[in-house]
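Worksheet: the structure to be examined is printed underneath.
Atoms within each ligand, like the ligands themselves, are counted from 1 in listed order.
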Amino acid sequence: MNIVLLGAPGAGKGTQAKKLVENHGMLHLSTGDLLRAAVKDQTPLGIKAKSYMDAGDLVPDELIINMVKERIQADDAKKGVIFDGFPRTATQAVALDSELAELGQPLQHAVLVDVKSEVIVKRLTSRRTCRDCGYIGTDADASCPKCSGEMYQRDDDNEATVTNRLNVYETSTAPLIDYYRGKDLLVTIDGDRPVDEVYADVVAALGL
Ligand code: AMP
């Protein structure tokens, strides 16, 4: 099953994707995670992407589409992919459709995790991530509750960059909600609730 998780940065897409992977063994394809790894390893892609990411702007479509195409051709993508943070533009959405059509594995659902922007700003500026296992927590977590690893704040989770990321979301990504509604793939879930309640709705919506 191939699924797109839609929603503003900080809506909880990554957290829900991680739970789906734990319980249903699909591939979690987060373009943000792939880009952060490329930046850390200073690959040619990472070097090109860094300045866009630091500003909270979108990395150019062509770079993102090539990165995703390569990743979904790997064997571990055959068990189904949860796309997290991709697509973010209409061009990316169309490219994804045509790539999945070529692979004979079309999208089954687009799940919108819906959270109001006031809540998002608070969530993102207090978000902390585990350096070792990727657990997503808050500034109340002195260390990772899952593996005791060090919690860090992402470079782009400061208030100025968060504000730009939300503007970029409204302008470039929110129109995809209508795109998927038009294809009859959209399911909307209220993301402003405890993680497990949101997850129960996600699982029900996907029929898992
Ligand atoms: P995320 O972890 O999904 O919040 O992504 C962090 C940053 O990576 C974004 O603010 C963008 O700069 C970049 N990025 C991630 N996914 C995409 C995408 N699909 N298209 C363009 N830029 C992206």
**Study point:** Within 45° cone and under 6.0 Å: Lys146 NZ/CZ vs Tyr135 ring
**Key:**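 Verdict for Tyr135: no cation-pi partner in Lys146.
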**Study point:** Asp157/Arg127 ion pair, N-O < 4.0 Å
**Key:** yes
Practice item. Please determine if Arg71 and Asp76 form a salt bridge, counting it only when a charged side-chain N lies under 4.0 Å from a carboxylate O. Key: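 A salt bridge is present here (some side-chain N lies under 4.0 Å from a carboxylate O).
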Point to revise | Point-to-point distance, once rounded to the nearest 0.5 Å, from CG of Asp54 to NZ of Lys50 | key: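 The NZ atom of Lys50 is 3.5 Å from CG of Asp54, to the nearest 0.5 Å.
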Review point. What distance do Glu102 atom CD and Lys69 atom NZ have between them, rounded to the nearest 0.5 Å?
Key: 7.5 Å
Review point. Which of the atoms in ligand 1, numbered in the order shown and given with their element, are less than 4.0 Å from a heavy-atom of Asp57?
Key: 11 (C), 12 (O)
Study note, to complete from the structure: So the atoms of ligand 1 within less than 4.0 Å of a heavy atom of Asp156 turn out to be 6 (C)
Can you check which of [options] brings a heavy atom nearest to [atom]?
{"atom": "atom 15 (C) of ligand 1", "options": "Lys13, Met67, Arg154, Arg88", "answer": "Arg88"}
{"atom": "atom 20 (N) of ligand 1", "options": "Arg36, Gln92, Lys50", "answer": "Gln92"}
{"atom": "atom 14 (N) of ligand 1", "options": "Asp33, Leu35, Thr31", "answer": "Leu35"}

Study note, to complete from the structure: Looking only at heavy atoms, the pair that brings Ala8 and Leu166 closest together is CB-CD2, 4.1 Å
Revision key, fill the gap. Between Cys130 and Gly149, the two heavy atoms sitting closest are SG-CA, 3.9 Å
Exercise for review: For ligand 1, indicate whether the residue Ile64 contacts it via side chain, backbone, both or neither (heavy-atom separation under 4.0 Å).
Suggested key: side chain
Exercise for review: Among all protein heavy atoms, pick out the one at the shortest distance from atom 10 (O) of ligand 1; state its residue, atom name and that distance to 0.1 Å.
Suggested key: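 Looking at atom 10 (O) of ligand 1, the protein heavy atom closest to it is Arg165 NE, 4.0 Å.
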Study note, to complete from the structure: In this structure, atom 22 (N) of ligand 1 is nearest to the protein heavy atom Val59 N, 3.0 Å
Review point. Do any nitrogen or oxygen atoms of Gly85 lie less than 3.5 angstrom from nitrogen or oxygen atoms of ligand 1?
Key: yes
